[in-house]
Colleague: 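The structure's right below; bear with me while I get my questions together.
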Protein chains: 2
Amino acid sequence: MPEQPQEPRRTPLSRDRVLRAAVAFADGSGIEALSMRRLAQELGVVPMALYKHVASKEELLDGMVEVVVAGIGGRAPGSDWKSAVRGRILGARGALLAHTWAAQVIRSRSGPTPAVLAYLDSVIAMFRAGGFSLDLTHHVMHALGSRVLGFTEELFDDPASTAPQDERAQAAAYEEMARRYPHVTELARSVAHDRGSVIGPGCDDAFEFAFALDLLLDGFERLHAQGWNSTP
Amino acid sequence: MPEQPQEPRRTPLSRDRVLRAAVAFADGSGIEALSMRRLAQELGVVPMALYKHVASKEELLDGMVEVVVAGIGGRAPGSDWKSAVRGRILGARGALLAHTWAAQVIRSRSGPTPAVLAYLDSVIAMFRAGGFSLDLTHHVMHALGSRVLGFTEELFDDPASTAPQDERAQAAAYEEMARRYPHVTELARSVAHDRGSVIGPGCDDAFEFAFALDLLLDGFERLHAQGWNSTP
DNA sequence: ACCTGAACACCGTTCAAGT
DNA sequence: ACCTGAACACCGTTCAAGT
């Protein structure tokens, strides 16, 4: 019997290996480049081999979310509810920053995966430990929305990303902009001025995230202190 | 010369007609069913005919956002900044509720379209008319995020949408849920109890939206009153 | 029983051939 | 010059044939 050519299948495929490969691929090439076919190619297997470990692409995406969310840290036991929640949410933000595709994929999922539920459970527990009523905790969780997982929908992600064009066209575009959207333009100009550059590096995401988070947490604290109730 | 068969091309194609057809199609069949090929079929033309009016599917989606955002009302001139902003944002929410796909499509776009810029300009103008500094207005707009356009990322869209299964399996799943996520379960149970149903109709979206919006607006008011500055 | 190549039913978009 | 059918380079997933 002739010797079989040694196949270089280093590690046998497993659900975990598929998921980690998908995360690494999305990190490197972007989520839009991730397809079952390309992932299989990356792993050196035939596309259909993936379907033994994930039932569908949907399940693959769910699994990728699990990997990222399971990596959220930021637990600081013993502190007051406010700094506990704050620390945990900033921890979530950190985990998501490492995987730029994660927020988008979480948004696209219909229901929460187990790791997301476990995470939410831990945040709810912090409010409850701080003496929040079930009623207030409920609405407070809604008010946080996706911010509890460390991301928010920004409407203008980078206003400075205009395609390079010649000076005259740029000046004309700017003038048109200032004429049609005077307040947007004024705001953009003042931000650029504050940061000392005409085509600035955009806004400080970390500052804006903390600004809004603290505004909400302060609001929660105030409602809690006055014994707020949804049906007075 | 034989008579040409009368073609039933009622109205000649135009960019506007293409966009309105796309909006109607997405309203009826969902955004995921919308493809260039199916839209062309709907309009009784060959797929390539669309490309004379929209350069790509991306541009089609941008155009659809324009149609929806241009339809936002809620301008109440003469009122104070808080009720003006509140009314306008609730108006945006109304416009988006009529097109369930709109929020998702806006999220997926990279930059703001002209109608979105015009809308943002009008909201910024309201804060400025209320005496807000450029600095505070800037951060306040970030804090609103997508909420300024009437939508937010809710993490659990309808927790009651469990697939129908036999009672025993359901009870087991519930018990498992209560064991692994005790705080989530407690919260869900209290909400269901308040609304008087075991498998309730979910949460009151309109209430949650207004709750969070008012919390933010109150926070803005407080910062404005105390002359808040990002660099004290 | 397991594995997998080919096929199916789609995409968005290019392009060359036809009028 | 305009219009459009066929083709290209992809998808996710099914399925039957091969080992």
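Order of the sequence lines fixes the chain letters, A, B, ..., with proteins taken first and strands second; residue numbering starts at 1 for each chain.
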Colleague: For the C1' atoms, the ones on dC8(C) and on dC10(D), what distance do you get once it is rounded to whole angstrom?
Modeller: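 These two C1' atoms come out 14 Å apart once rounded.
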Colleague: Measuring only the P atom in each nucleotide, how far is dA9(D) from dA9(C)? A whole number of Å is fine.
Modeller: 22 Å
Colleague: Distance check needed: dG12(C) C1' versus Leu34(B) CG, whole Å only.
Modeller: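 Rounding to the nearest Å, CG of Leu34(B) and C1' of dG12(C) are 12 Å apart.
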Colleague: Can you tell me the base-pairing partner of dC2(D)? Count Watson-Crick or G-U wobble geometry only, both distances below 3.5 Å, and say none if there is no partner.
Modeller: dG18(C)
Colleague: Over all strands shown, is Met48(B) touching base, sugar-phosphate only, or nothing at heavy-atom distances under 4.0 angstrom?
Modeller: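 Since a base atom lies under 4.0 Å of Met48(B), the category is base.
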Colleague: Just the rounded figure in Å: distance from P of dG5(D) to CE of Met36(B).
Modeller: 16 Å
Colleague: Would you mind reading off the distance between Leu43(A) atom CG and dT4(C) atom P, rounded to a whole angstrom?
Modeller: 14 Å
Colleague: Report the distance from atom CG of Leu39(A) to atom P of dT13(D), rounded to the nearest whole Å.
Modeller: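 So the two atoms are 13 Å apart, to the nearest Å.
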Colleague: Please state how far atom CD1 in Ile31(A) lies from atom P in dG12(D), giving the value in whole angstrom units.
Modeller: 11 Å
Colleague: Atom CD of Glu32(A) to atom C1' of dC10(D): distance rounded to whole Å?
Modeller: 15 Å
Colleague: What's the closest nucleotide to the Lys52(A) side chain, out of dG5(C), dC3(C), dG5(D)?
Modeller: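 So the nucleotide nearest the side chain must be dC3(C).
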Colleague: Taking all heavy atoms of Asp121(A) and all of Val184(B), pick out the closest pair and write down the distance.
Modeller: OD1-N, 2.7 Å
Colleague: Among the nucleotides dT13(C), dT4(D), dT13(D), which one has an atom lying closest to any side-chain atom of Lys57(B)?
Modeller: dT13(C)
Colleague: Give none if dA9(D) has no partner; otherwise give the nucleotide forming a Watson-Crick or G-U wobble pair with it, both distances under 3.5 Å.
Modeller: none
Colleague: Just wondering, do Gln104(A) and Phe151(A) contact through their side chains at under 4.5 Å, heavy atoms?
Modeller: no
Colleague: Rounded to the nearest angstrom, tell me the gap between atom CD in Glu58(B) and atom C1' in dT13(C).
Modeller: 13 Å
Colleague: So for atom CD, which belongs to Glu175(A), do other residues, nucleotides or ligands contribute more than 12 heavy atoms lying within a distance under 6.0 Å?
Modeller: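 Open: at most 12 neighbouring heavy atoms sit under 6.0 Å from CD of Glu175(A).
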Colleague: Find which nucleotide of DNA chain C each of Arg37(A) and Ala49(A) is nearest to by heavy atoms, and output the residue with the more 5' nucleotide.
Modeller: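 Closest to the 5' end, via its nearest nucleotide, is Ala49(A).
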Colleague: Can you tell me the distance, in whole Å, between the CG atom of Leu61(B) and the P atom of dG12(C)?
Modeller: 10 Å
Colleague: Specify whether His142(B) and His138(B) have parallel, tilted or perpendicular ring planes, treating 30° as the upper limit for parallel and 60° as the lower limit for perpendicular.
Modeller: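 Rings of His142(B) and His138(B): perpendicular, over 60°.
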Colleague: For the side chain to side chain contact (heavy atoms under 4.5 Å, CB included) test, which of Pro112(B), Ser122(B), Pro114(B) pairs with Tyr181(A)?
Modeller: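 For Tyr181(A), the side chain to side chain contact (heavy atoms under 4.5 Å, CB included) test succeeds with only one of Pro112(B), Ser122(B), Pro114(B), which is Pro114(B).
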